[in-house]
Amino acid sequence: METLRTLPGDDVRQIMWRFADRYDIQMALQSARSLARTLVARLVAEGARNTHEWTDHKAQLLEAFDTSGLTALFMEPHQGGFIEGPKNLALALVAFELSWVDAGAATCSLATNLALAPIHERGTQEQRDYYMSNCVPPQPGEDRKIFRGAFALTEPLPYVGVETNTLVGKVRVAEWEDGKEPMLQVDKRGRFITGMDFANFATCAVDTDDPRIKTSCIVIVEDTDEGLFDRGAPTLKMVHQLSSTRDPVFNLKVPASRIVGGYTVKDGVIVPNYTHSEIIGAVFHRTRVPVALMSTAKLLSAVEPVIRYQRQRYRGGDAVAGTPKYDLGIQQKPDAVLRLADIWATGEAGASLGFETARLFDQLDPTEKAKDKIMAERGVVGPKSQLSALRKVEKLAIEYLALESMPEDKRDAARFQELGEDTLVRYVLLESLANILCPACKLWNTGHGATVMRESLALMGGYGITEDCPGFLFHKWADTQLEATYEGPEAVQRRQLSITMTNEVFLAKLRIWIDQFTLLAQEKPETGAGIVAKAMELWLWTLEFLHRAKDPSGARLYHNRRQNVTFPMADALCWIMASRCQVADLLELAEKGPENPIVAEGLEGTLGFLSDLSMVQAARAAGECARICATMVNGFGPQDEAELTAFDKLRSQLDRSLSGAALAKDRAGYALTQVMIPEALDYPM
C-alpha cells in the first residue's frame, strides 16, 4: 500500500480548505509566508522577543506589513484594499501563516483590524470609509500619515474580561450648545491593549456617566483630540512579544459623531444606535476564529522539525549512513512516531474546524446585511426585537432542514425552493452553526491545542526548552497560553456554547449529520465517520437526558447555573465538531484531488495517511465524549434503570465503532518514518 510521500503542500491544502480558486487569497498567503519566514523568523532568532518594549527592531514589522499588502487586506477595493467582499477566510489564512513562525507577529498584523472591527461591523458608512481608507498605506502622490489603531475593551480590574457588561470607562457630555453637535468627554483606562505603541486612534468601550447619554457605547478617540492620550506602561507579558501591548489612559474631548454606529437625540438625550455589548458581540463573533487558528498553526508547524530531530538524534554517535539508527534515529521506537501522529491529528482537526468556521462567516456576512435590511424595512429595530422576530423563523428553518434531508423525489420541491430562497431562513441556519463553531474552535483549538503543543516540546527532549529549539517550539507553546485567553477566556466560550448548543435549529442539523455520517461509514469506514456518528448520537441522547433528569434533591440537571453539567457538555461538543470538520475536509480532498495533476500524484498515499489521522482523532474525540457523557448520566445518580440501560446500549455501540482505530494509528506512525522532508527548515533554527 502506498503511504505518505511528502508533507502535504499548498495544492493539497488549497483543496482541503477550499481556496483553490481564490488567487487573491493565495497571493495574500504567499506574501504572509514570505514575510514570516524572513523578517519575522530573523527577529525571533535575533532575540527581539526578549524585551517588553516596542523597539525599532520590532517596528520593521509595520513597514513590512504595509509593503507586503497585509495592512490593506481588511479593506474593500474602494477603501484601498484588493479583496472584495467577506475576508474571514483570507484573514484566518494570513494569521495561520504568520503564526507558523511567530503568533506575536500575527497579533501585531491584526491589531489595527481589531480596532477597525467595531467600525466595520456597526459603524456608519462615513466612519467605515474614513477610517479604513486612512489605514491603508499612502499611495504615490498622497501626503498623509497612515492610521493605525488599538481596541480598548478591558479594564484594570481583575476578572473583568469575563464580563463584558462591566465597564469602568465613562463618557459624559462635555459641551452641548444649541444647534451644534454635542462634545463628549471620554475617560478610559485600558489594560493589555494591543498596538498601543503605534496607534493614533483607538476604539474604546465606555459606559454612560451622564443622564443625557442613554446607554454604553464604543467611541473612537484620536491622538490629536483635546486632552490626554497617554499610551501607558508596557505590559510585562511573557508571550507574543513581537506585538505591542500597553496599559493606556485616555481623557479626551471628542465630537459625538465618533460614537460607533451613530446616535439619535430623543427628548434631549443622546441615544447611541448600538450599545458597546452589541458591537462587541458582532466583533468577537468573527475575530476569535483567526486566534483559534494561531494555535493550530503551531501544532502543524511542529511536525517537520520534530521529524528532523527524531531522525538525526543519533547521527553524532557511531551510526553509519544506511543503517536504521542513522536513517531513523528515535523513530526506530514506535512511541515517538505514535505521539507525533497524535499531535498531527489534533492539528488537522483544529485546522478543519477553524477554516470551516471562517468560510461559514464569509457566507454569513452578506446574509446578515440582507437580514438587517429586511428588518429595517419591516420596522423591526433593536437586537431584542430582531431576536423575537427571528424566533418565528426558526420553525421555517427546521422545516427546510427536514426537506433537505429527504430524497429529492419525495420532498415538496416548490416548498424547498421557497424556503431556500428566504433570506431570513438562510440567516437563521447560518447563525445557528456560527454560534456553535466560533466558540468551539476558539475553545478547543487554543485550550486543547496548548496541551498537545507541550507534547511537541517533550518529543524534542532537552532541545525543547532551549533557546535554539528548532522551529521556535518553546515560544509557540508559551504563546498558546495567551491565545486561550485572547478575546474572552475559556469560560466565556463554554458559557456561550451552553446556551447556543440547545438551539433547536442546530439540533435538527446535528440529527441530519448523524444520519449522513452513519451512511458515510458504510461507504468509507476508513474516515472514522462511523465513530463520529456514534459520538454525536451519544452526546445528543445525553443532552436530552439532562433536560429531563433530576438529581437526588429534585433539582434539574441542565440548568443555566449548573456549570458542572453545561460546561463539560460544551467541551464534548467541541471534540465532536472538530472531528466532523476533519472528515469533511478529507472527503473534499478525495473528490477534488484527482482533478489537480500535482495533487493526483501520490494522492493515494496522502489520502490514506490523512484518513488514518482522521480515524485516530475520531477515536480520541469519541473517548472524550463518552467519558463526559458517562459522568453526566451516572455522576448525578441514581437514575432510572431504563435510562441507564438505554445509555449503556449507545455507549456499547460507540465502543464497537472504534474497531480498527488502533491499526490506523499504527499505519500513521509507520508513515511518519517513511515521509520525505526537506534537508533543512526554511527559516532560522
Side-chain angles (χ1 to χ4, degrees), residues 1-9 12-13 15-16 296 298-311 313 324 327-353 448-449 451-456 458-460 520-521 524-532 535 575 578-590 593 599 602-624 657-677:
M1 176 184 292
E2 183 174 339
T3 187
L4 185 68
R5 296 182 187 177
T6 60
L7 302 178
V12 171
R13 295 309 191 188
I15 294 172
M16 293 179 70
T296 299
K298 299 177 179 66
L299 289 174
L300 292 178
S301 75
V303 171
E304 184 183 332
V306 169
I307 292 176
R308 180 172 291 102
Y309 170 80
Q310 290 179 337
R311 290 183 184 172
R313 182 64 182 87
D327 292 338
L328 293 177
I330 293 176
Q331 288 197 336
Q332 294 176 95
K333 308 298 183 186
D335 177 65
V337 288
L338 293 176
R339 289 166 67 187
L340 182 57
D342 278 333
I343 295 171
W344 195 337
T346 304
E348 290 292 335
S352 297
L353 176 58
H448 181 60
T451 301
V452 177
M453 191 64 208
R454 193 204 68 83
E455 277 285 289
S456 68
L459 291 179
M460 284 286 186
L520 179 62
K524 297 180 180 298
E526 70 278 6
T527 60
I531 302 174
V532 180
W575 281 91
S579 266
R580 187 198 67 78
C581 296
Q582 188 175 7
V583 173
D585 279 358
L586 192 60
L587 295 176
E588 183 75 8
L589 181 62
V599 176
L603 181 61
E604 180 186 349
T606 303
L607 274 176
F609 175 74
L610 293 178
S611 295
D612 286 337
L613 288 190
S614 181
M615 180 169 275
V616 166
Q617 188 60 34
R620 181 72 195 282
E624 287 296 318
S657 74
L658 300 179
S659 176
L663 290 173
K665 193 167 183 177
D666 278 347
R667 289 193 298 270
Y670 173 74
L672 288 172
T673 67
Q674 303 299 306
V675 65
M676 290 186 294
I677 60 171

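Quick note: numbers below take in every heavy atom, side chains included, and nothing from hydrogens, waters or symmetry partners. Every value quoted in this text rests on a predicted model; they were computed, and no experiment measured them.
Of all heavy-atom pairs spanning S352 and D585, the tightest one is OG-OD2, 2.7 Å. The two residues F609 and A668 come nearest to each other via the heavy atoms CE1-O, 3.7 Å. Here the shortest heavy-atom pairing between V583 and T527 reads CG2-O, 3.7 Å. For the pair A619 and A661, the tightest heavy-atom approach, listed with the atom from each and the gap, is CB-CB, 3.7 Å. In plain terms, the two heavy atoms of E2 and G602 that are nearest each other are OE2-CA, 3.3 Å. Between I531 and A618, the closest heavy-atom pair is CG2-O, 3.4 Å.
Looking only at side-chain heavy atoms (C-beta outward), K333 and L328 stay at 4.5 Å or farther from each other. Between T673 and D327, every side-chain heavy-atom pair lies at or beyond the 4.5 Å cut-off. In this structure, E588 and M16 have side chains that are not in contact, with every pair of non-hydrogen atoms separated by 4.5 Å or more. Between V599 and L589 there is a side-chain heavy-atom pair separated by less than 4.5 Å. You'll find the side chain of L338 stays beyond 4.5 Å of the side chain of Y670, heavy atoms only. The shortest side-chain heavy-atom distance between L663 and D612 does not fall under the 4.5 Å cut-off. Side-chain contact between V616 and W344: absent, with no pair of heavy atoms (C-beta onward) separated by less than 4.5 Å. The closest side-chain heavy-atom distance from H448 to W575 is below 4.5 Å.
When each of E348, M615, Q582 is tested with L610 by the rule side-chain contact (heavy atoms from CB on, under 4.5 Å), just one qualifies, namely E348. No option in R311, R313, Q674 other than R311 meets the side chain to side chain donor-acceptor pair (under 3.5 Å) test with Q331. When each of R620, R454, K665 is tested with D342 by the rule salt bridge (Lys or Arg N to Asp or Glu O under 4.0 Å), just one qualifies, namely K665.
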Given side chain to side chain contact (heavy atoms under 4.5 Å, CB included), test R580 with L353 step by step and report yes or no.
CA-CA 8 Å; R580 187 198 67 78; L353 176 58; over 6 Å; no

Run the side chain to side chain contact (heavy atoms under 4.5 Å, CB included) check on S611 and L586 step by step: do they pass?
CA-CA 7 Å; S611 295; L586 192 60; 3.4 Å; yes

Determine, stepwise, if the pair L4 / L672 fulfils side chain to side chain contact (heavy atoms under 4.5 Å, CB included).
CA-CA 8 Å; L4 185 68; L672 288 172; 5.6 Å; no

Side chain to side chain contact (heavy atoms under 4.5 Å, CB included) between Y309 and I330: does it pass, once the steps are laid out?
CA-CA 8 Å; Y309 170 80; I330 293 176; 4.1 Å; yes

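To the nearest 0.5 angstrom, L603 atom CG is 10.0 Å from R5 atom CZ.
Formation of a donor-acceptor pair under 3.5 Å by the Q310 side chain with backbone atoms of I307 is not found in this model.
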